[in-house]
Amino acid sequence: QVQLVESGGGLVQAGGSLNLSCVVSGRTFSRYIMGWFRQAPGKEREFVAAISWSGGTTRYADSVKGRFTISRENAKNTVYLQMNSLKFEDTAVYYCAAQPGVVVTTYKYDYWGQGTQVTVSS
């Protein structure tokens with residue numbers, strides 16, 4: 001069984017930064033594509049960022065390009081989401097997700113964390 005636990009969310013002013021972490025346990029972390037998603041109140045969950053096994057390939061939603069950076073440390077079974085220049089519209093519950101495979105996908109993930117709240121005040 002794969003378990004994902006996010007941390008690092010909180011309240012921040014617009015223009016500020018947060019760094020989310022997600023620790024994965026249960027299987028070989030380095031064989032998983034890792035992704036971050038978010039869901040704002042009243043909206044559907046949306047893709048934010050994803051990263052390949054090696055970290056050499058990343059993908060981002062247009063809304064966060066240039067502001068967010070996804071990275072991973074396979075030795076620590078951890079994936080990160082560094083969020084800079086935060087905007088009010090970034091307010092959401094952020095979810096970490098894992099998918100065994102090779103292709104860096106923006107939608108197909110089998111394993112999910114419980115989410116961490118990010119609130120950006122304007």
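Everything quoted here is computed from the prediction, not taken from an experiment. Values below: every heavy atom of this structure, side chains too, minus hydrogens, waters and symmetry copies.
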W36 and L20: side chain to side chain contact (heavy atoms under 4.5 Å, CB included), yes or no, with the steps?
CA-CA 10 Å; W36 286 97; L20 305 184; 3.7 Å; yes

Please report the C-alpha distance between V2 and V24 in whole Å, then the side-chain angles of each, then the deciding distance to 0.1 Å, and finally whether the side chain to side chain contact (heavy atoms under 4.5 Å, CB included) criterion is met.
CA-CA 7 Å; V2 179; V24 182; 3.8 Å; yes

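Taking CD1 of I51 as the reference point, atom OH of Y60 lies at 6.5 Å (rounded to 0.5 Å). Between the NZ atom of K108 and the CD atom of Q99 there is a distance of 5.0 Å, given to the nearest 0.5 Å. The CG atom of N74 sits 9.5 Å away from the CE atom of M34 when rounded to the nearest 0.5 Å. In this structure, L81 CG and C96 SG are separated by 9.5 Å, a value rounded to the nearest 0.5 Å.
When the side chain to side chain contact (heavy atoms under 4.5 Å, CB included) test is applied to S63, the partners found at least two apart in sequence or on another chain are R38, A61. Judged as a side chain to side chain contact (heavy atoms under 4.5 Å, CB included), and not counting sequence neighbours, the contacts of E73 are K76, Y80.
Connectivity analysis of hydrophobic side chains (ILVMFWY, heavy atoms under 4.5 Å, direct or indirect) links F88 to nothing; its cluster partners are none. Side-chain heavy-atom separations under 4.5 angstrom define the hydrophobic clusters, and the remaining members of the one that includes V104 are I33, F37, F47, W53, V93, Y95, V102, Y109, W112.
Contact detail for S21 and T78: the closest heavy-atom pair is CB-CG2, 4.3 Å. Closest of all the heavy-atom pairs between G8 and L18 is O-CD2, 3.8 Å. Closest of all the heavy-atom pairs between S85 and S17 is N-OG, 4.4 Å. Considering every non-hydrogen atom in both M83 and V118, the closest pair reads CE-CG2, 3.8 Å.
N77 is not listed as a side-chain neighbour of S25, based on a closest heavy-atom distance of 4.5 Å or more.
Checked for salt-bridge contact, K87 and D90 miss the test: no charged N lies under 4.0 Å from a carboxylate O.
Panel note: side chain T91, backbone V120; a donor-acceptor pair is recorded below 3.5 Å.
Contacts classified as side-chain hydrogen bond (donor to acceptor under 3.5 Å, both in side chains) and involving residues 113-122 (residues at least two apart or in different chains) are given here: E6-Q114, Q117-T119. Applying the salt bridge (Lys or Arg N to Asp or Glu O under 4.0 Å) definition to pairs two or more places apart or across chains, none involves residues 10-19.
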